[in-house]
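Just so we're on the same page: letters track the sequence lines, and every chain starts at 1. Only heavy atoms go into these numbers, but all of them, side chains included; no hydrogens, no water, no symmetry mates.
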Amino acid sequence: MQLLDKLAEIWNTIDYPFFIHNGSQLRFQDIASQNPIDLSLVKSGDVVAIIGDFNPSSILTLLRLIDLAVIVIPLTTETSNEHEYFFESALVDVVIKDGVVSRRTHSKTHELIDVLRVNGHAGLVLFSTGTTGRPKAILHDLTLFLKRFETPRPTLRTINFLLFDHIGGINTLLHTLFNKGVVVAPEARTVDSVLDTCRKYDVEALPTTPTFLRMMLMSGAIPEKVPSCLKIITYGTERMDQPTLDELCRLLPVVDFRQTFGMSELGIVRVKSEARDSLFMKVGGEGVKTKVVNNVLQIQSQSRMLGYLNAPSPFDSEGWYDTKDVVEEKNNYYKVVGRESDVINVGGLKFMASDVELVALDFPGVSLVKAYPKQNPITGQHVELTVQPREGVSIDKDSLMSYMKSKLQPHMAPKRIKIDVVNIGHRFKKG
Amino acid sequence: MKVFLSSISIYPLLAMELKIIVFNVIVSLLENKTIEVSDETPLIGEGGLLDSMKLVELSLKLEDAATDLGFEFDWTSDAAMSRSRGMFRTAGALAAEFIAQSER
């Protein structure tokens, strides 16, 4: 059965909206019966980039493209300066933007795309936000990806903070559709707007990032502006720190905090937090195995990607994927303490950038921080620190430097501090 | 703090100022601020005032000072290191390198 038909059947007897967007409450039937855009130029097996967001038109087009068994690439306007690169590296045949369908010509082929075409399967391409090199085009077999949704699971009214071009966003959308849930799109991705939307529409679950949660804390919105309807806050996509989690748990004692963990390369893996105030989590789920090699987490997953379209396969011969996440292990629970690439080595002494950031975050007036290694010919590497003060606050670099020196071992103390904006990407992760 | 400018006559006024900057930065990194820094004061090795971490800090401070003065103090490139392996041995050698780079 086609996906749209299957979903129409699921929603056949449901009278509540599945999607709330910009004040409009839409039932699945309203979305399915929208005036569809003309997809006559699109053929089965095409690679199709759709530039959109979680709006009714984009969702309908996305579902229709899956039914056409195309390889779909959801993109957003936030990454428009990279679209040409995305189109090139993913061998895009068709671009859909603002309801306009246009074909591109190229003569390239890729064996992984050919496999999907031969099997008549739909595909999904997502781009990595890797910090090294250009983004990688991650190809999933979407027909297999959708199988995970065949087992019914409970849903909560969820605000979809994650983006259209992110595996978490796509996962939330499909999970909600298959399980008769409700997704609410925030009007703006600001702290106030997200919390207002939660209050207005009785949102129960807020999936977000540690950076956004820190911004919530710094803005003073917690706890007064957090509505009582909110039951669960999930956080993932970057490392959370214990002081932030402790503060969140203290200020919001009835909210359950759960960690998520996933990589576009692996599909979605199931994660269970040890406790609401613990950063330890169990990583598992159907067809998922884990092991730790040299403190780094490796994962095998049946729902893994087929491969990259513009880079060699990252899996070893047994299918293990090196997450590059340095973890601590406790009774089969893991705590991510940093990225392997975040390990700073000063004169042979290794530590994590997060160890430095944690100390800096405690300095009065500090809003955001980023510690990073710099190469030098004396100790190999040293730490430098960029600090963003809270609005209206000025930070004295010398005082901060003295403070860092008083709290950290000499090799870990930053050797240079810059007062500047700490870049936060459109996915609310520190750049 | 006392700074002994034993080679004042070699350098023009600007060079002398640069030397004072280098010596002042060195002193700012010392626990004991009463130490007298001269051309011959060893920075590293036997009797050296600075450990490797302090040396990195010193170099970065000089990099920043040079930027403020409108030139680039290069201490990280292979060329810089091979050109002046001895520049960290004494305060005078470091000052001489700092001055030389300001004139390039």
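Contact annotation for B/Asp64: both backbone and side-chain heavy atoms come within less than 4.5 Å of a heavy atom of chain A. Residue contact with chain B, scored on non-hydrogen atoms closer than 4.5 Å, involves the side chain of A/His382 exclusively.
Among residues 391-410 of chain A, the residues having any heavy atom closer than 4.5 Å to a heavy atom of chain B are, in sequence order, A/Lys405, A/Pro410.
Residues satisfying the side-chain contact (heavy atoms from CB on, under 4.5 Å) test with B/Thr90, not counting sequence neighbours, are B/Ala93. Remark: A/Tyr85 pairs with no residue by the ring pair (Phe, Tyr, Trp, His ring centres under 6.0 Å) rule, at least two apart or across chains. Taking B/Ala100 as the reference, B/Arg104 meet the side-chain contact (heavy atoms from CB on, under 4.5 Å) condition, with sequence neighbours excluded.
Counting non-hydrogen atoms of neighbouring residues, nucleotides and ligands closer than 6.0 angstrom, the CG atom of A/Asn81 exceeds 12 such neighbours.
For the pair A/Lys136 (side chain) and A/Phe127 (backbone), a donor-acceptor distance under 3.5 Å is absent.
Taken from CG in A/Leu368 to OG1 in A/Thr386, the straight-line distance is 11.0 Å, to the nearest 0.5 Å. Annotation: the span from B/Asp51 atom CG to B/Met53 atom CE amounts to 6.5 Å, rounded to 0.5 Å.
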